[in-house]
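Throughout, protein chains are lettered first and strands after them, A, B, ... in sequence-line order, and every chain is numbered starting at 1.
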Number of protein chains: 2
Amino acid sequence: MNLIEKKTLSRIQKEKRSTIKKAALEVFSEYGLRGATLDKIAVASGLTKPNILYYYSSKDQIYFDVLSGLLDEWVAPLHNISSDGDPIDELLGYMKAKLKMSKQKPQESKLFATEILHGAPLTQNVLATSLKQTLDEKVAVIDKWIEEKKLEYVNGYHLFFSIWAMTQHYADFDIQVKSILNQSEEELFDDAEEYLTSVLLRTLSVRAP
Amino acid sequence: MNLIEKKTLSRIQKEKRSTIKKAALEVFSEYGLRGATLDKIAVASGLTKPNILYYYSSKDQIYFDVLSGLLDEWVAPLHNISSDGDPIDELLGYMKAKLKMSKQKPQESKLFATEILHGAPLTQNVLATSLKQTLDEKVAVIDKWIEEKKLEYVNGYHLFFSIWAMTQHYADFDIQVKSILNQSEEELFDDAEEYLTSVLLRTLSVRAP
DNA sequence: GTCTATAAATCGATAGAC
DNA sequence: GTCTATCGATTTATAGAC
């Protein structure tokens, strides 16, 4: 897929593409790559189908652009974990940042979930290289903290997996969560943060206050 | 959808339907309802497309039958939580049963994940009634244990959400997990069980041995 | 019951007028 | 740049021979 010319887009082209991407995120996150149709994206964006294909060469191209535009943002909180900080503060901050993203960006979370669930056709390479490398570094930080006796032993990889799983669950499976709990979004995420804070503190061998 | 005549199926009809359902589970779990095609199910089952439609009236009907046939099995471990047992044993047993299902039935896990992720078009009613009712009962059991001082305070609903999230993560996002960890399935799930046991014991205020 | 052939609908993408 | 009209491919589902 040729994205080289993207740098030379005019202002109006950027705006149209942005409109399309916003609508496409809605549709892709709800129906997945294959379930989404250009008709649905057209309706959601207020544009016609040929007009969309004037700005993007294909449906796959739109999906690729939406997904790659969100990848950096999605991995960003991981980079904020500093080896200089207090282990508990750093990991608690990471969990809270991830939970906040689930609350504020559920469509993005669902998009990545569907992508990975269906074999990560477009991001498998990124998972195996960039994400793995970043995670390896952060697990190394955790192992260093353990060695320095700043943290009790914990399996770093599975710690991150469980943080991802528990926080993203509230976005990806919101239908199920909301079917069971008849709460406002605000109450729900407040309770979730309280619970997850407790789980993480105890997992890291700290007694909750 | 009319499933009434299902009770009067002949032996050969049951067998054919079973063959189709097995193939359909493979395809639906990998591509989702909309991404799956009758062609793919035909190839996977070794039958022709019209032959499949001789036993099922439509693709949606196959999906519905596969999903509803697995629903009971999927919720079953929850029923095994006994209020008479030791709280820690019961909840640890439940987590391990769920993790075992993720290891042994990843396709089923992915099928439910995709269904819920995409708005639970066919199961929303079940989630809001049957699953909610069962979970309410089990949360009541946990609250009773807390009242009887057999268990420290914990938010029952979020406890179950986190068990679901952490255990199903290993099936639903196996592509991501395996991209990061270069382990055999056996090692991976052994480590996962050790980690999740530790998390759960600490969450329930018990020091791991 | 099973097949080949094909109808009918949907969907991605293009042609060509404006 | 944007539209209507439509092509061509895919896919669900059916018709009808065997």
dT2(C) phosphate, OP1 or OP2: any side-chain N/O from Tyr54(B) under 4.0 angstrom? no
Between Asn51(A) and dG1(D), does any side-chain N or O lie under 4.0 Å from OP1 or OP2? no
Looking only at side-chain N and O atoms, does Glu194(A) offer a donor or acceptor that is under 3.5 Å from a partner on Asn155(B)?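 Distance-only check fails for Asn155(B) and Glu194(A).
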Side-chain donor-acceptor pair present, Thr134(A), Glu137(A), cut-off under 3.5 Å: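 The criterion, which ignores hydrogens and geometry beyond distance, is not satisfied for Glu137(A) and Thr134(A).
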Using atom types as modelled and distance alone, determine if a side-chain donor or acceptor of Thr197(A) lies under 3.5 Å from a backbone N or O of Glu193(A). yes
Give a yes or no answer on whether the side chain of Lys59(A) reaches the backbone of Ala36(A) with a donor-acceptor pair at less than 3.5 Å.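 Yes; judged by distance alone, with no hydrogens or angles, the pair exists.
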For Ile12(B), answer base if it contacts any base atom (sugar-phosphate contacts may also be present), sugar-phosphate if it contacts only those atoms, and nothing otherwise; contact means non-hydrogen atoms under 4.0 Å.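 Sugar-phosphate, backbone atoms only, no base.
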Are there any protein N/O atoms within less than 3.5 Å of an N/O atom in nucleotides 10-14 of chain D, and if so, which ones and at what distance?
{"from": "dT12(D)", "atom 1": "OP1", "to": "Ala36(B)", "atom 2": "O", "distance (Å)": "3.4"}
{"from": "dT12(D)", "atom 1": "OP1", "to": "Lys59(B)", "atom 2": "NZ", "distance (Å)": "3.2"}
{"from": "dT12(D)", "atom 1": "OP2", "to": "Leu38(B)", "atom 2": "N", "distance (Å)": "2.9"}
{"from": "dA13(D)", "atom 1": "OP2", "to": "Lys59(B)", "atom 2": "N", "distance (Å)": "2.9"}

Has Lys40(B) got its NZ or CZ under 6.0 Å from the middle of the six-membered ring of Tyr31(B), at an angle within 45 degrees of the ring axis? yes
Calculate the interatomic distance between Ile20(B) atom CD1 and dT2(C) atom C1'; express it in whole Å.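 Interatomic distance, CD1 of Ile20(B) to C1' of dT2(C): 12 Å.
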Atom pair distance, as rounded to whole Å: CD in Gln13(B) and C1' in dT2(C):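 Going from Gln13(B) (CD) to dT2(C) (C1'), I get 14 Å.
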Under 4.5 Å between any side-chain heavy atoms of Phe160(B) and Leu78(B), yes or no?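 Counting from C-beta outward, Phe160(B) and Leu78(B) do come under 4.5 Å.
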